[in-house]
Amino acid sequence: MEQKIRVRFAPSPTGPLHMGGVRTALFNYLFAKKNNGDFLLRIEDTDQHRYVPGAEEYIIESLKWCGLSPDEGVGIGGPYGPYRQSERKQLYFKYAEQLIKSGNAYYAFDTPEELTQLRTKAESEKKNFSYDTHTRKELKNSLTLSEKTVNEKIKNGEPWIIRFKMPENETVTEDDLIRGTVKFNTAQLDDKVLYKADGMPTYHLANVVDDHLMKITHVIRGEEWLSSMPLHILLYRALGWEENKPRFAHLPLILKPVGKGKLSKRDGDKMGFPVFPIEWNNPETKENFRGYREDGYYPEAFINMLSLLGWNAGDDQELFSLKELIEKFSLEHVGKSGARFNPEKAKWFNHQYLQKRDEKELTENLHEQLNQKNIPSGNLDRLARIVSLIKDRCTFASELWDNAFYFFEAPKEYEAKAVKKRWKKDTPYKIREITDFLRGVENWNAESMKEVFSNFITEKEWSFGQIMVPLRLSLVGSSQGVDMFLILELLGKEETIKRLETAVEKIGKQQI
RNA sequence: GGCCCGUUCGUCUAAGGGUUUAGGACGCAAGAUUUUCAUUCUUGUAAUAGGGGUUCGAAUCCCCUACGGGCUACCA
């Protein structure tokens, strides 16, 4: 029987989840669902200093908003818990100890200060210090010290850590599911810390132990982890788990829209787009970061946009529901190179999704906006009609009002530029004539009005161009809006005439 | 600096050695429609980083160079 596919999203609660993290979660989710597997959420909180209160809740809420619900993990539970590494603390030491016994790791007593000093010194000589196969022979550790000394030090309560003993000269080869064969030589690698002086494992140890214990079959993570893949491979081997170690897939990074480097949390403020799924208020620094949710994006649009950052279906399709993404997702179609994020396209996606939205919902959105402004929304059928007319002009539901205001409010002022250009000396006369004409119109609906109005204009030998803009200006206040006759119809005779009269009076004054 | 990864229109990407005058989408531009604005539609714009190989044939395979990115903590 085939092994059940199990993947995990394993963020660290050091702050809000950034859209790159969401994409990693998404790809993991898609891969799991595509293969009828499990998607787990594990919180990697092995660094006590970097823990940020609220970050974990933020992560859970973000995934929820995106519709990426884990099958197992923090907040859900499951047979392989706990899923918070801090709660698994006591579990890791025995594996570290096992590595020492098998000769794959060792105790080290060098203090952080000593190591910093070595690094600074190396730097001043334009070299690089690394704790590796060469330097470990001259440092304070259980490889250089006698067993007796080591035991004494530990007994005396001296701080110690455990490091991985990197093989001296070996080529580690691994077949990355996205990148193909990747090779490393251990001579270039350093002896990474596996177990810290505070009694916590480092990411490296914890993630290997947990992935094994939780029966993870595929590790899908960002490219920033590619360099530590050989360490992890070697750890699986040293722990005797090589047979069923997971496969690896390293995702390309998401890059800044302009400039160099990967997308960072500051880019959003600088360029006016969110980099976080939902708003984040840092409890410590009081900093505030906007989110896609609060900016009015639909989660479906956000997810769709993210899915295409580094992945494609192999054809020209660009709009996918989550269900379709699950059907079509494949790691083979994940690209290797970094993807530059394009905020304009993100908006385009939202526009697409807004058009597909149920009009009832959009009508309700506009209804709420009117309520908030204490503006009577009037007849609900009329409201629905308005929404159907203006929705294609909206990228966000919040723009409903911006495109519908003139149906509810008479203009308070008139766009100066358009007035200057189109409001001629004889315009007030013409508008008055039109007003009188409209008073006599009986069939107050757009279609028939268009006809009779056209006849009227033709009879008068006026040009449409000279009439339509001033008319629009009078009713809307600017040269925007839906079809003129639809505006007339929806405004109703009384309101239309009132606005025309007001305009003739006010624009005359405005011009002086 | 060292190690690793990458490089097709401005951006996201397709083309899995011959189906390619390199396709789609966003953006941008023009035109049409709406006598406005927006939408929509049509058309256009624009790319295989450079140099060597391999091959009858290379965007595709190999090498070098350049450029970009990641990692290089008792962070994840």
Side-chain angles (χ1 to χ4, degrees), chain A residues 10-14 44-47 49-50 85 108 110-112 115-116 119 122-123 126-131 159-163 176 178-180 182-185 187-190 192-198 200-204 206-207 221-230 250 252-253 255 257-258 260-262 305 308-319 332-333 335-349 351 355 389-395 399 403 415 418 422 463-473 476 478-484:
Chain A
S12 168
T14 53
E44 311 231 323
D45 54 350
T46 51
D47 186 350
H49 306 289
R50 292 212 309 158
Q85 289 183 329
D110 320 87
T111 64
L115 293 175
T116 307
R119 281 196 188 93
E123 213 171 297
K126 300 224 164 169
K127 283 183 203 158
N128 227 315
F129 169 78
S130 98
Y131 209 118
W160 50 265
I161 60 170
I162 296 173
R163 285 181 182 272
D176 185 280
I178 291 170
R179 277 144 221 286
V182 186
K183 288 180 184 173
F184 301 85
N185 191 301
Q188 314 286 352
L189 272 25
D190 61 341
K192 280 273 181 290
V193 175
L194 300 178
Y195 202 86
K196 300 186 275 189
D198 64 2
M200 282 291 246
T202 59
Y203 166 81
H204 298 106
N207 113 87
R221 75 232 293 197
E223 193 190 342
E224 68 267 31
W225 295 108
L226 191 56
S227 332
S228 43
M229 182 167 66
H250 289 93
L253 265 13
L255 274 16
V258 291
K260 293 176 177 181
K262 63 174 174 179
M305 180 273 292
L308 257 12
L309 247 29
W311 172 84
N312 68 83
D315 54 27
D316 291 341
Q317 188 178 347
E318 292 204 279
L319 264 16
E332 282 159 39
H333 276 106
K336 296 179 171 78
S337 48
R340 207 178 269 277
F341 169 62
N342 182 347
E344 287 304 313
K345 190 127 188 195
K347 286 185 186 165
W348 176 81
F349 275 108
H351 182 260
Q355 305 317 312
L389 290 173
I390 59 158
K391 70 164 185 175
D392 65 358
R393 316 165 87 92
C394 300
T395 294
E399 292 170 352
N403 287 291
E415 189 194 323
R422 305 280 189 147
S463 83
F464 265 83
Q466 282 172 358
I467 292 305
M468 296 305 266
V469 173
L471 210 48
R472 189 175 287 278
L473 219 36
V476 175
S478 65
S479 56
Q480 57 171 291
V482 302
D483 179 81
M484 199 57 239

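Note on naming: letters A, B, ... go to the chains in the order of the sequence lines (proteins, then strands), and numbering restarts at 1 for each one.
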TODO: Start with the C-alpha gap between A:K262 and A:E223, add the side-chain angles, then the distance that decides, and say whether salt bridge (charged side-chain N to carboxylate O under 4.0 Å, His left out) holds.
DONE: CA-CA 11 Å; A:K262 63 174 174 179; A:E223 193 190 342; over 6 Å; no
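Base-pair partner of B:rA22: not found among the strands shown (Watson-Crick or G-U wobble, both distances under 3.5 Å). Of all nucleotides present, none satisfies the Watson-Crick or G-U wobble test against B:rC9 with each distance under 3.5 Å.
Taking atom P in both B:rU65 and B:rC3, one finds a spacing of 12 Å when rounded to whole Å. For the C1' atoms, the distance linking B:rA47 with B:rC28 amounts to 16 Å, nearest Å. Taking the C1' atoms as reference points, B:rG69 lies 25 Å from B:rA15, given to the whole Å.
Between B:rC74 and A:R119, a contact under 4.0 Å exists linking OP1 or OP2 to a side-chain N or O. Checking the phosphate oxygens (OP1, OP2) of B:rC74, a side-chain nitrogen or oxygen of A:R163 falls inside 4.0 Å. When the side-chain nitrogen and oxygen atoms of A:N312 are compared with OP1 and OP2 of B:rA14, one or more of them lie within a distance under 4.0 Å. Note on A:S227: every side-chain N or O is 4.0 Å or more away from OP1 and OP2 of B:rC5. Phosphate proximity of B:rC12 to A:K345: absent, as no side-chain N or O sits under 4.0 Å from OP1 or OP2. At the phosphate of B:rU40, neither OP1 nor OP2 sits under 4.0 Å from any side-chain N or O atom of A:K391. The phosphate of B:rC75 (OP1 or OP2) has a side-chain N or O of A:K196 nearer than 4.0 angstrom.
A:T14 comes within contact range of no nucleotide atom at all, as no heavy-atom separation falls under 4.0 Å. At a threshold of 4.0 angstrom between heavy atoms, the contacts of A:T111 include nucleobase atoms, whether or not backbone atoms are also involved. At the heavy-atom level, A:L308 lies under 4.0 Å from the strands shown only through sugar-phosphate atoms. Residue contacts shown for A:K183 are limited to sugar-phosphate atoms, with no base heavy atom under 4.0 Å away. Across all strands, A:K347 comes closer than 4.0 Å to no nucleic acid atom at all (heavy-atom distances). Here A:R340 lies in heavy-atom contact (under 4.0 Å) with sugar-phosphate atoms only.
Of the possible donor and acceptor atoms, none in the side chain of A:D190 sits under 3.5 Å from a partner among the backbone N and O of A:K192.
Remark: the A:R472 side chain and the B:rU36 base include a donor-acceptor N/O pair separated by less than 3.5 Å.
Between the CZ atom of A:R340 and the NZ atom of A:K345 there is a distance of 15.5 Å, given to the nearest 0.5 Å. Taking CE from A:M468 and OG from A:S463, the interatomic distance works out to 11.0 Å, rounded to the nearest 0.5 Å.
Ring-plane geometry between A:H204 and A:W225 is classed as perpendicular, the angle between the planes exceeding 60 degrees on a 0 to 90 degree scale with a lower cut at 30.
Comparing A:V182 and A:M484 along RNA chain B, the residue whose closest nucleotide (by nearest heavy atom) sits nearer the 5' end is A:V182. Taking the nucleotide of RNA chain B with the nearest heavy atom to each of A:T202 and A:G338, the more 5' of the two is matched to A:G338.
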